[in-house]
Number of protein chains: 2
Amino acid sequence: MKFAKIPMATIVRLSIYMRTLQELLEDDVDVISSERLAKQCGVNPAQIRKDLAYFGEFGVRGVGYRVNELVNQIKDILGLNRPWNLAMVGLGNLGSALIRHGNFIKHGYMFTAAFDIDPQKIGKRLPNGLIINHVDELEEIIKQREVHVGIITTPASEAQSVANQLVLAGINGILNFAPVQIQVPDCCHVENVDFTIKLDSIAYHLSFGS
Amino acid sequence: MKFAKIPMATIVRLSIYMRTLQELLEDDVDVISSERLAKQCGVNPAQIRKDLAYFGEFGVRGVGYRVNELVNQIKDILGLNRPWNLAMVGLGNLGSALIRHGNFIKHGYMFTAAFDIDPQKIGKRLPNGLIINHVDELEEIIKQREVHVGIITTPASEAQSVANQLVLAGINGILNFAPVQIQVPDCCHVENVDFTIKLDSIAYHLSFGS
DNA sequence: TGAATAATGTGAATAATATCACATTATTAG
DNA sequence: CTAATAATGTGATATTATTCACATTATTCA
Ligand SMILES: NC(=O)c1ccc[n+]([C@@H]2O[C@H](COP(=O)([O-])OP(=O)(O)OC[C@H]3O[C@@H](n4cnc5c(N)ncnc54)[C@H](O)[C@@H]3O)[C@@H](O)[C@H]2O)c1
Ligand SMILES: NC(=O)c1ccc[n+]([C@@H]2O[C@H](COP(=O)([O-])OP(=O)(O)OC[C@H]3O[C@@H](n4cnc5c(N)ncnc54)[C@H](O)[C@@H]3O)[C@@H](O)[C@H]2O)c1
């Protein structure tokens with residue numbers, strides 16, 4: 001499916017296109033031009049065509065893109081036409097809010113394990129039926145349940161140690177919400193989410209114009 | 001403070017440098033080279049020097065950067081040496097978790113207003129002392145309390161309408177957690193946070209290698 | 001059928017961004 | 001004081017990403 005070296009920005013945009021296309025699908029739109037899609041996504045139409053061109057030809061000249069087909073083709077491109085199993089590590093404020101959230105399931109992500117270190121939390125059952133396990137059992141359970149991606153929502157001070165455990169357990173993808181830069185081997189791909197960095201960008205724009 | 005057209009990526013990296021520098025400060029490091037900082041931030045050393053060079057000369061040749069000075073200089077660059085007032089709109093799972101979180105205060109962001117539409121929630125007092133107001137009072141309160149940035153944590157279906165209200169109230173910066181692309185006038189700067197897009201990137205990497 | 005129209009796919013041009021490489025400046029030690 | 005060393009700041013270069021512009025292909029309608 002992958003032919004050349006693909007810009008990371010292209011991958012991110014494909015996700016955005018896909019979400020917009022899924023909304024269009026719900027509104028019973030079945031064909032769309034790169035121009036209209038571009039407007040909705042806030043990008044240049046040629047950008048969309050170029051991004052897709054890395055992976056093949058998906059449109060019909062003179063017509064546009066069939067929405068439902070394109071959604072599936074983007075899913076193929078991104079590897080989303082299969083389930084992905086997630087483990088949440090740290091069931092505090094943020095972890096609990098996330099695991100309760102329906103958007104993950106909707107996009108094919110399934111929480112299959114949850115870990116904490118607080119004795120009060122171990123053994124508790126989450127709204128989705130999952131039971132919180134002690135982080136000592138992390139390696140065993142992650143292998144058993146074939147978890148693919150680990151989500152870190154522990155305090156920052158624990159994030160590196162949790163990351164190490166995840167890597168040891170064979171995890172190759174981590175979504176890190178702790179506000180620290182964690183170090184992992186090359187085989188493991190980390191994405192960071194730090195809201196305050198986004199706020200900093202806003203502050204900069206408000207201070208010094210667009 | 002701003003001299004040329006600055007890449008957006010530079011602004012984001014400056015935030016990251018700043019956070020790493022703040023950690024170093026806590027560890028009583030008082031001077032650091034671009035090389036060591038680069039390693040900790042996962043970037044190229046020349047990148048750091050170039051990013052800073054857009055705004056002036058902050059280091060000492062042959063020595064490096066004085067950590068505490070550089071933190072302050074980056075704060076000046078980003079417009080962070082002043083308080084920023086935030087309003088949270090939507091006090092559900094996510095909004096409540098966020099407003100309870102200490103990291104915002106730590107970085108100079110202060111919640112000064114909170115809005116919801118659920119009668120059960122209006123009038124409730126949050127852990128930080130803030131009282132939840134009805135979203136009908138949004139414009140008045142935002143002006144009164146000099147809110148600078150609005151945070152949207154309502155369901156996706158409400159996000160555009162909330163954004164419209166924020167813009168009407170004079171807000172020029174929005175942090176949007178709802179998984180939709182909101183449309184605002186050019187005067188308003190929007191940053192989106194969508195965790196599932198990050199998961200998609202991870203899925204892609206796991207499926208098709210680095 | 002054929003002309004008019006619409007919209008893709010893509011090579012070429014442009015723009016933006018990152019990296020290299022080294023001249024410059026500060027410090028240390030002999 | 002001078003040589004050796006360290007690390008910044010920056011012009012030049014390389015790389016990457018975006019946009020343009022148009023040839024190509026599909027559709028519609030006279
Ligand atoms: N809450 C937010 O809105 C928010 C926003 C931005 C970033 N963050 C970051 O997300 C992380 C979690 O935030 P929170 O507000 O949920 O904190 P929290 O204190 O409510 O939750 C942390 C949880 O991690 C558990 N934990 C601690 N050490 C652990 C370990 N070694 N293994 C497994 N579990 C462990 C704790 O028992 C607790 O349940 C923090 O790093 C925070 O900076 C949170
Ligand atoms: N919870 C998560 O972890 C998570 C993760 C990713 C994205 N999101 C997104 O964040 C948003 C909120 O998620 P949540 O889980 O907190 O949902 P939620 O349903 O728990 O909370 C939504 C809150 O918004 C309030 N609300 C509804 N309409 C409103 C309006 N017009 N004005 C003001 N308040 C209004 C509701 O009363 C409710 O309190 C959603 O868009 C969701 O997709 C949430």
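Naming: A, B, ... by sequence-line order, numbering from 1 per chain.
- Summary of the strand contacts: A:Ile32 and B:Thr10 both lie near DNA chain C, and taking for each the nucleotide with the nearest heavy atom, the more 5' one is attributed to A:Ile32.
- In this structure, the CZ atom of B:Arg66 is 14 Å from the P atom of D:dT8, given to the nearest Å.
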B:Tyr17 and B:Asp51: side-chain hydrogen bond (donor to acceptor under 3.5 Å, both in side chains), yes or no, with the steps? CA-CA 10 Å; B:Tyr17 305 157; B:Asp51 284 337; 2.7 Å; yes
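- Between B:Gln47 and C:dT17 there is no side-chain N or O to OP1 or OP2 distance below 4.0 Å.
- Checked options B:Thr154, B:Val162, B:Ile142; the residue passing with B:Phe115 is B:Ile142 (criterion: side-chain contact (heavy atoms from CB on, under 4.5 Å)).
- Remark: P of D:dA7 and CD1 of B:Ile48 are 13 Å apart, rounded to the nearest angstrom.
- Residue A:Ser34 places at least one side-chain N or O closer than 4.0 Å to OP1 or OP2 of C:dT8.
- Taking the six-membered ring where the residue is Trp, B:Phe195 and A:Phe177 present perpendicular rings, their angle passing 60° and hence far from 30°.
- Per the geometry, CG belonging to B:Asn44 stands 14 Å off C1' belonging to D:dT10, to the nearest Å.
- Taking atom CD of A:Glu35 as the reference point, atom P of C:dA7 lies 7 Å away to the nearest angstrom.
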Determine, step by step, whether A:Asn164 and A:Gln160 satisfy the side-chain contact (heavy atoms from CB on, under 4.5 Å) criterion, reporting the C-alpha distance in whole Å, the side-chain angles of both residues, the deciding distance to 0.1 Å, and the verdict. CA-CA 6 Å; A:Asn164 296 344; A:Gln160 182 63 57; 2.9 Å; yes
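- With salt bridges taken as basic N to acidic carboxylate O contacts below 4.0 Å, one links A:Arg19 and B:Asp200.
- Under the side-chain contact (heavy atoms from CB on, under 4.5 Å) test applied with A:Ile174, the options A:Val149, A:Asn192, A:Val190 reduce to a single match, A:Val190.
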Quick one, A:Thr196 with B:Asn103, criterion side-chain hydrogen bond (donor to acceptor under 3.5 Å, both in side chains). Give me CA distance, side-chain angles, the key distance, then yes/no. CA-CA 8 Å; A:Thr196 59; B:Asn103 247 357; 5.5 Å; no
Verdict with reasoning, B:Phe104 to B:Phe111, per ring pair (Phe, Tyr, Trp, His ring centres under 6.0 Å): CA-CA 8 Å; B:Phe104 292 98; B:Phe111 286 102; 5.4 Å; yes
Apply side-chain hydrogen bond (donor to acceptor under 3.5 Å, both in side chains) to the pair A:Arg145 and A:Thr112, showing each step before the final yes or no. CA-CA 7 Å; A:Arg145 301 191 192 163; A:Thr112 53; over 6 Å; no
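- Atom CZ in B:Phe55 sits roughly 18 Å away from atom C1' in D:dT8 (whole-Å rounding).
- Distance CG (B:Leu70) to P (D:dT8): 11 Å, rounded to an integer number of Å.
- Taking only side-chain nitrogens and oxygens, A:Tyr54 never comes nearer than 4.0 Å to OP1 or OP2 of D:dT16.
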For nucleotides 21-30 of chain D, give me one character per nucleotide, 5' to 3': B if any protein heavy atom sits under 4.0 Å from the base, S if the only such contacts are to the sugar-phosphate, - if neither. B--BBSS---
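- Residue-to-nucleotide contacts include a donor-acceptor pair under 3.5 Å from the side chain of B:Lys50 to the base of C:dT19.
- Rounding to whole angstrom units, CE of residue B:Met8 and C1' of C:dA18 are separated by 18 Å.
- The CG-P distance, from A:Leu52 to C:dT8, rounds to 10 Å in whole Å.
- Nearest to the side chain of B:Arg13, among C:dT8, C:dA18, D:dT8, sits C:dA18.
- No contact: B:Arg36 has no heavy atom under 4.0 Å from any strand.
- Stem analysis of DNA chain D (at least three stacked-register Watson-Crick or G-U pairs, each with both distances under 3.5 Å) gives C:1-30 with D:1-30.
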Go through it in stages, so that I can follow the logic: the residues are A:Glu146 and A:His148, the test is side-chain hydrogen bond (donor to acceptor under 3.5 Å, both in side chains), and I'd like the CA-CA distance, side-chain angles, deciding distance and then a yes or no. CA-CA 6 Å; A:Glu146 297 185 55; A:His148 306 106; 5.3 Å; no
